[in-house]
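Worksheet: one structure, shown below.
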Amino acid sequence: MLDLRAQFETIAPEIRAAIEEVLAAQQFVLGPQGDALEREIAEACGARYAVGLASGTEAIELGLHACGVKAGDEVIVPAFTFIATGSAVSALGARPVFADIEPASFNLDPDQIEARITPRTRAIVAVHLFGLAANMDPILAVAEKHGIPVIEDNAQSFGATYRGRKTGSMGRLGCLSFYPSKNLGAYGDAGMIVTSDEKLAARLRALRNHGQTGQYLSTERGWNSRLDELQAAILRVKLRHMADWTAKRQAHAQLYDSLLRDVPGIVTPRVPTGREHVYYLYTIRVGGRAGGYTRSNEKGNEARSDLVQQRLKERGVASTVYYPVPLHLQPLYALLGGKPGDLRVSERASREVLSIPIYPELTSGQIEHVAHEVRDAVLRDR
Ligand SMILES: *Cc1c(COP(=O)(O)O)cnc(C)c1O
């Protein structure tokens, strides 16, 4: 799915120089590299401040906490996302309330929010999944109507835009993950929050460092959640290449689109007007539309996407189902009482989605080969 070595080979001398610089400075936590990266990321996201953290998951956790979410509160979260979106809520002792998604964008359906708001709702997490922004204007409107903050889980969509705004800059705060596989990936765990709220940024700086606001002076209980200098130096090198890498992902996506768009039984990603997709993943649906069929997990049968994935594997082509189990059906959340049939759009997506390799260093020949095999695997039993 991803060849990190291919990318490293294009930037190895720059990375080694950046690491050398940190080794020479011998400052490893909270130093000049982290400060510089925060300024650069804030600017890239169109936000005033950025606060480096230890991971994307902790960015969501600290972000929710800083917005006042506490034990017993409810947070509205899309059901179709990576588990961390929900577990960050649970880590605070709060309860995730799962909402369904839009079928075309795989993102939180703005029309599914209001019915889930109760007096205990303290936040809404909008996830920008796969590289595409959620439909933020109606999400922000319903949140504002009820006086509830919106937090953006921007772990997968750094650099994406929505009606001229950058993802991460539209809600109260935006959370980034620099997990190695992400479009901007560190060589270890790292994350960040961007916000234009000065007080919130200052509070987050304290929260990530044991709640300290002065020399060994803690004002509140905090975390140890800091982005280290080696990761910051590496990320600053990679940030310089992001525009080029994103353009390559977009070109690859266009090629996949042209090769797969008209294949019966395949639905290629749809990008609503006014949004720029950064293709963290290139995710198709198999089955679903155009006379296709869907085997149902509910009846104990194999999901269509699993079948296609298996066929591709036999031909030496990687693919992955992101995500095979929506959050309301995760064993972790069994106690919340979610049942199959509760959130049908998310459940159907989990049976039909298949992500195929997309990263900057792929060649057109490789893309054509993958597309050919995908087409073959889908059409075989038609
Ligand atoms: C990767 C990811 C996270 C968590 O980020 P980490 O840095 O791995 O903790 C959260 N939400 C989504 C949607 C992600 O893809």
Side-chain angles (χ1 to χ4, degrees), residues 1-2 4 34 37 41 45 50-65 75-92 96 98-99 101 105-108 123-134 136 139 150-160 167-168 171 173-194 204 208 223-228 230-232 234-235 238 249 277-283 320-328 330 332-333 346 349-350 353 355 358-359:
M1 282 298 283
L2 176 61
L4 285 174
L37 180 69
I41 294 284
C45 289
V51 182
L53 300 164
S55 74
T57 307
E58 289 196 332
I60 304 169
E61 191 182 332
L62 269 71
L64 288 167
H65 177 82
V75 177
I76 296 173
V77 169
F80 190 68
T81 176
F82 179 55
I83 189 68
T85 315
S87 56
V89 175
S90 309
L92 295 169
F98 300 113
I101 56 166
S105 73
F106 300 113
N107 281 323
L108 182 58
I124 296 164
V125 181
V127 182
H128 307 303
L129 206 66
F130 300 156
L132 178 69
M136 287 302 285
I139 293 173
V150 174
I151 284 179
E152 297 175 72
D153 177 347
N154 194 28
Q156 300 192 357
S157 299
F158 175 70
T167 52
L173 56 86
C175 303
L176 285 170
S177 165
F178 303 121
Y179 183 76
S181 70
K182 300 287 156 79
N183 284 18
L184 176 57
Y187 290 163
D189 276 307
M192 197 169 277
I193 286 179
V194 300
L204 287 163
R208 71 175 171 185
W223 278 255
N224 174 351
S225 182
R226 297 159 313 210
L227 192 163
D228 72 73
L230 281 168
Q231 299 306 338
I234 289 162
L235 287 164
K238 288 189 156 203
R249 285 176 185 271
H277 200 316
V278 294
Y279 296 100
Y280 169 58
L281 294 170
Y282 187 89
T283 302
T320 307
V321 176
Y322 297 106
Y323 294 94
V325 182
L327 267 53
H328 68 294
Q330 289 282 343
L332 162 66
Y333 291 124
S346 297
S350 71
V353 286
S355 300
I358 189 159
Y359 53 89

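What you see is a predicted model; the values in this text were computed from it and never measured. In this chain, numbering begins with 1 at the start of the sequence shown. Numbering of ligands and ligand atoms starts at 1, following listing order.
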Using atom types as modelled and distance alone, determine if a side-chain donor or acceptor of [X] lies under 3.5 Å from a backbone N or O of [Y].
X      : Y      : answer
Glu61  : Val89  : no
Gln156 : Gly131 : no
Ser225 : Ala54  : yes

*With a 4.5 Å heavy-atom cut-off, do Phe178 and Ile41 have their side chains touching?*
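They are in side-chain contact.
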Pairs of nitrogen or oxygen atoms, one from ligand 1 and one from the protein, closer than 3.5 Å: please tabulate them with distances.
{"unit_1": "ligand 1", "atom_1": "5 (O)", "unit_2": "Ser177", "atom_2": "OG", "d": "3.2"}
{"unit_1": "ligand 1", "atom_1": "7 (O)", "unit_2": "Gly56", "atom_2": "N", "d": "2.8"}
{"unit_1": "ligand 1", "atom_1": "7 (O)", "unit_2": "Ser177", "atom_2": "OG", "d": "2.6"}
{"unit_1": "ligand 1", "atom_1": "9 (O)", "unit_2": "Gly56", "atom_2": "N", "d": "3.3"}
{"unit_1": "ligand 1", "atom_1": "9 (O)", "unit_2": "Thr57", "atom_2": "N", "d": "2.8"}
{"unit_1": "ligand 1", "atom_1": "9 (O)", "unit_2": "Thr57", "atom_2": "OG1", "d": "2.5"}
{"unit_1": "ligand 1", "atom_1": "11 (N)", "unit_2": "Asp153", "atom_2": "OD1", "d": "3.3"}
{"unit_1": "ligand 1", "atom_1": "11 (N)", "unit_2": "Asp153", "atom_2": "OD2", "d": "2.8"}
{"unit_1": "ligand 1", "atom_1": "15 (O)", "unit_2": "Gln156", "atom_2": "NE2", "d": "2.8"}
{"unit_1": "ligand 1", "atom_1": "15 (O)", "unit_2": "Lys182", "atom_2": "NZ", "d": "3.1"}

*Got more than 12 heavy atoms from elsewhere within 6.0 Å of OH, Tyr323?*
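Counting other residues, nucleotides and ligands, OH of Tyr323 exceeds 12 neighbours.
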_Using side-chain hydrogen bond (donor to acceptor under 3.5 Å, both in side chains), reason through Thr167 and Asn154 one step at a time and then give a plain yes or no._
CA-CA 7 Å; Thr167 52; Asn154 194 28; 2.9 Å; yes
